[in-house]
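Here is the structure we will look at.
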Amino acid sequence: MADPYEVELSLAETVRRIAQAMTCDVSELGGLLDVEDLSKRSGVVPVDIIALLAGLPVPTAPLSERLAQRLIFVRHTHRHTNGEEYTIGELADAAGMSRQGLTKWRDGQVVPGMERVESLRLHFQLPPGFFTATPEEALNAVLQQELKKLRRLEGHTHGDARLQDAGIRRLVTRAVELTPGQQEQLISFADFLARGDSGDSTST
């Protein structure tokens, strides 16, 4: 599986291309994108996402601090189905370590073994590099996933006039604002229209 943090485009270029696809200025993206969703998927706090979208630098914490921040972030944003946070014991079990060890990880006192980090990442089905990526790397990876979806949708609109007639192109240029589930529904709808029905016939 390819590491999503091994990207070809810089964050600035990714942001520029998304703004171009959404037919807006880069300065408008912070108000148009679903920052909360980007935050949950990247592990970057919303205030840093707004700054990065605007081309401003954000502090890059040392690895031990970054690991602690992402652990706390995951605990607050990934909850049980009843809405309750995972306990320290549950997180420790998922990481395959002691409660004491996980508490030291949380407090930034130790850098846990990467196999423990990987166990917790897999438990929550997070992308590779989630706990260790810098804010720029993490946000860039998520935005590049959105850029790929935009390109896929735009490919359908260019390939089938019915998509344009149906007004789908307006949705395509704003697709990054949709939730991942809504984006997938839009892609499926575009696939359906692009394939067409081989038995279709038009009568006048």
Side-chain angles (χ1 to χ4, degrees), residues 1-22 24 26-80 85-86 91 94-95 105-106 108 111-112 114 116-153 174-184 186-187:
M1 176 182 180
D3 187 335
Y5 296 99
E6 292 179 358
V7 293
E8 297 179 0
L9 301 178
S10 67
L11 175 60
E13 179 62 14
T14 303
V15 168
R16 186 191 71 79
R17 294 190 187 192
I18 286 180
Q20 184 179 43
M22 295 177 67
C24 69
V26 168
S27 60
E28 299 177 87
L29 285 179
L32 293 174
L33 299 178
D34 187 342
V35 174
E36 290 296 329
D37 178 66
L38 292 176
S39 176
K40 184 173 182 179
R41 294 163 59 198
S42 67
V44 181
V45 295
V47 65
D48 283 352
I49 289 179
I50 296 294
L52 290 169
L53 289 173
L56 301 175
V58 298
T60 299
L63 180 59
S64 60
E65 187 178 336
R66 198 154 69 238
L67 284 163
Q69 290 171 349
R70 296 285 165 81
L71 175 61
I72 294 168
F73 181 90
V74 166
R75 189 182 180 195
H76 288 328
T77 57
H78 294 71
R79 298 172 178 250
H80 288 291
E85 287 188 354
Y86 283 81
L91 293 175
W105 170 1
R106 181 200 62 189
V111 173
M114 287 300 107
R116 306 304 182 195
V117 176
E118 182 70 359
S119 294
L120 196 60
R121 181 189 75 78
L122 292 173
H123 177 81
F124 287 105
Q125 299 182 323
L126 300 167
F130 179 91
F131 284 100
T132 56
T134 66
E136 292 87 349
E137 291 169 340
L139 180 59
N140 197 11
V142 172
L143 288 179
Q144 288 211 32
Q145 292 170 0
E146 300 309 314
L147 186 58
K148 288 177 183 177
K149 291 175 183 176
L150 280 171
R151 286 171 173 166
R152 182 178 168 191
L153 285 165
R174 293 291 183 264
V176 183
E177 300 172 52
L178 305 177
T179 66
Q182 290 170 328
Q183 289 173 355
E184 288 305 317
L186 182 55
I187 289 171

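Please read these numbers as outputs of a predicted model, since none were measured by experiment.
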Are the side chains of [Y] and [X] in contact, using a 4.5 Å heavy-atom criterion?
X      : Y      : answer
Leu120 : Leu71  : yes
Leu38  : Val44  : no
Glu118 : Met114 : no
Leu53  : Val26  : no
Leu91  : Arg106 : no

Closest non-hydrogen atom pair, [X] against [Y]:
X     : Y      : value
Ser64 : Val111 : CB-CG2, 3.6 Å
Pro46 : Ser39  : CD-OG, 3.5 Å
Pro59 : Pro135 : O-CG, 4.1 Å
Tyr86 : His123 : CE2-NE2, 4.0 Å
Ser42 : Ala138 : O-CB, 3.4 Å

Which distance, rounded to the nearest 0.5 Å, do you find between the [atom1] of [X] and the [atom2] of [Y]?
X     : Y      : atom1 : atom2 : answer
Leu32 : Cys24  : CG    : SG    : 5.0 Å
Ile49 : Leu29  : CD1   : CG    : 12.0 Å
Leu11 : Arg16  : CG    : CZ    : 13.0 Å
Glu85 : Ile72  : CD    : CD1   : 10.5 Å
Arg70 : Arg121 : CZ    : CZ    : 13.5 Å

Side chain to side chain contact (heavy atoms under 4.5 Å, CB included) between Thr60 and Glu136, worked out: CA-CA 9 Å; Thr60 299; Glu136 292 87 349; 3.9 Å; yes
Verdict with supporting geometry, Phe131 and Leu126, side chain to side chain contact (heavy atoms under 4.5 Å, CB included): CA-CA 9 Å; Phe131 284 100; Leu126 300 167; 3.9 Å; yes
Plane angle bin for Phe130 and Phe73 - parallel if under 30°, tilted between 30 and 60°, otherwise perpendicular: tilted
N/O donor-acceptor pair under 3.5 Å between Glu13 side chain and Ser10 backbone: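 Here the side-chain-to-backbone pair does not exist.
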Lys40 and Glu36 ion-paired at < 4.0 Å: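 Looking at Lys40 and Glu36, the cut-off is not met.
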Candidates Leu9, Ile18, Leu139 - the one meeting side chain to side chain contact (heavy atoms under 4.5 Å, CB included) with Gln144: Leu9
Audit row: Thr14, Arg17, side chain to side chain contact (heavy atoms under 4.5 Å, CB included) steps and yes/no: CA-CA 5 Å; Thr14 303; Arg17 294 190 187 192; 6.0 Å; no
